[in-house]
Amino acid sequence: MEKSRTEDMQPYCRISRDFYIRDVLEVAPGIIGKNLVIVLHDDSVARYRISDVEAYRGYEDKACHASKGKTPRTEVMFREGGHLYVYLIYGMYWMLNIVTGTEDNPQAVLIRGLANISGPGKVTKTLSIDRSYYGEDLVTSSRIWLENAGAAPEYKTSPRIGIDYAGEYWKSRPWRYYI
DNA sequence: TCAGTGATTAGG
DNA sequence: CTAATCACTGAG
């Protein structure tokens, strides 16, 4: 018998690889309401409920950084799901993304907001997430992971933010999910 | 509405 | 090497 889904859904249980290697359009809404757990510099553990995310889906999605092919920056998106894609934008803000899907199927979920923290730049500033988290594996890391946190909440969808360059079709995909 | 701020990328 | 671009934020 395969690993019990019931066990996976218990609160305060680290989410395993199976969750991440599905298509990003399944994983992104599934991340809403989960806890992002991070071990701080003083060794205390903080938990934040994830409230706002966006899906970036593969080569064809013109808004996805991987649509231009593999580069040193986007290389991690081509790995199997569960790794972190972290990059600097506008010279000031680190963006935190969770890679999803199978190997060589580049996808990721941008973490736009946590409970009481609105905006992807504020998320990483609050959690002190920077370049050093690039490539971190949420399945095995001892300093950052996701865990289940009870029932899946209701959520809304909308087009993704800040991707005017991607063209009308990709700009209009309702791939932002938020509480 | 718009400046800040620097890594990343394509191109010469 | 150069120059454009950028999944943002906060001030006015």
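Per chain, numbering begins at 1; letters A, B, ... match sequence-line order. Values below: all heavy atoms of this structure, side chains included; hydrogens, waters and symmetry mates excluded.
Put simply, NZ on K62(A) is 14 Å from P on dC6(C), counting in whole angstrom units. In this entry the distance linking CZ of R173(A) with P of dA7(C) reads 19 Å, nearest Å. Atom pair K122(A):NZ and dA11(C):C1' shows a separation of 13 Å (rounding to whole Å applied). Summarising the geometry, the separation between CG on L96(A) and C1' on dC8(C) is reported as 15 Å, rounded to the nearest angstrom. Between the C1' atom of dC8(C) and the CG atom of N97(A) lies a distance of 13 Å, rounded to the nearest Å. Rounded to a whole Å, the CD1 atom of I89(A) is 11 Å from the P atom of dT9(C). For the pair M92(A) CE and dC8(C) P, the interatomic distance rounds to 13 Å; values are reported in whole Å. Protein atom CZ of R160(A) is 12 Å distant from nucleotide atom P of dC8(C), rounded to whole Å.
With dG10(C), dC8(C), dA7(C) as the choices, the nucleotide that has an atom nearest any side-chain atom of Y85(A) turns out to be dA7(C). Listed candidates were dA7(C), dC8(C), dT9(C). Nearest to the side chain of M77(A) is dA7(C).
Base pairing analysis places dG4(B) opposite dC8(C); the two distances defining the Watson-Crick or G-U wobble pair are each below 3.5 Å.
The shortest distance between the side-chain N/O atoms of K171(A) and the OP1/OP2 oxygens of dA7(C) is not below 4.0 Å. OP1 and OP2 of dA7(C) both lie 4.0 Å or more from every side-chain N or O belonging to Y90(A).
Across all their heavy atoms, I21(A) and G81(A) have their closest contact at CG2-N, 4.0 Å. Here the closest non-hydrogen pair linking A66(A) and Y59(A) is O-CD2, 4.1 Å.
Backbone-only engagement by M95(A) is indicated by non-hydrogen atom pairs under 4.0 Å involving sugar-phosphate atoms exclusively. Here L110(A) lies in heavy-atom contact (under 4.0 Å) with a base.
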> Under the side-chain contact (heavy atoms from CB on, under 4.5 Å) criterion, do I15(A) and W145(A) qualify, and how do the steps go?
Replying inline: CA-CA 8 Å; I15(A) 291 171; W145(A) 62 91; over 6 Å; no
> What is the per-nucleotide protein-contact pattern of nucleotides 7-12 of chain B, from the 5' end, where B denotes a base atom under 4.0 Å from a protein heavy atom, S denotes such proximity for sugar-phosphate atoms only, and - denotes neither?
Replying inline: SSS---
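Rounding to the nearest 0.5 angstrom, the gap separating the CD1 atom in I163(A) from the NZ atom in K62(A) is 12.5 Å.
Between the side chains of S16(A) and D18(A), not a single donor N or O lies within less than 3.5 Å of an accepting N or O.
Cation-pi check for R131(A) over Y134(A) is met; the charged atom lies under 6.0 angstrom from the ring centroid and within 45 degrees of its normal.
Under the 3.5 Å distance criterion, the side-chain polar atoms of R176(A) are left unmatched by any main-chain donor or acceptor of D52(A).
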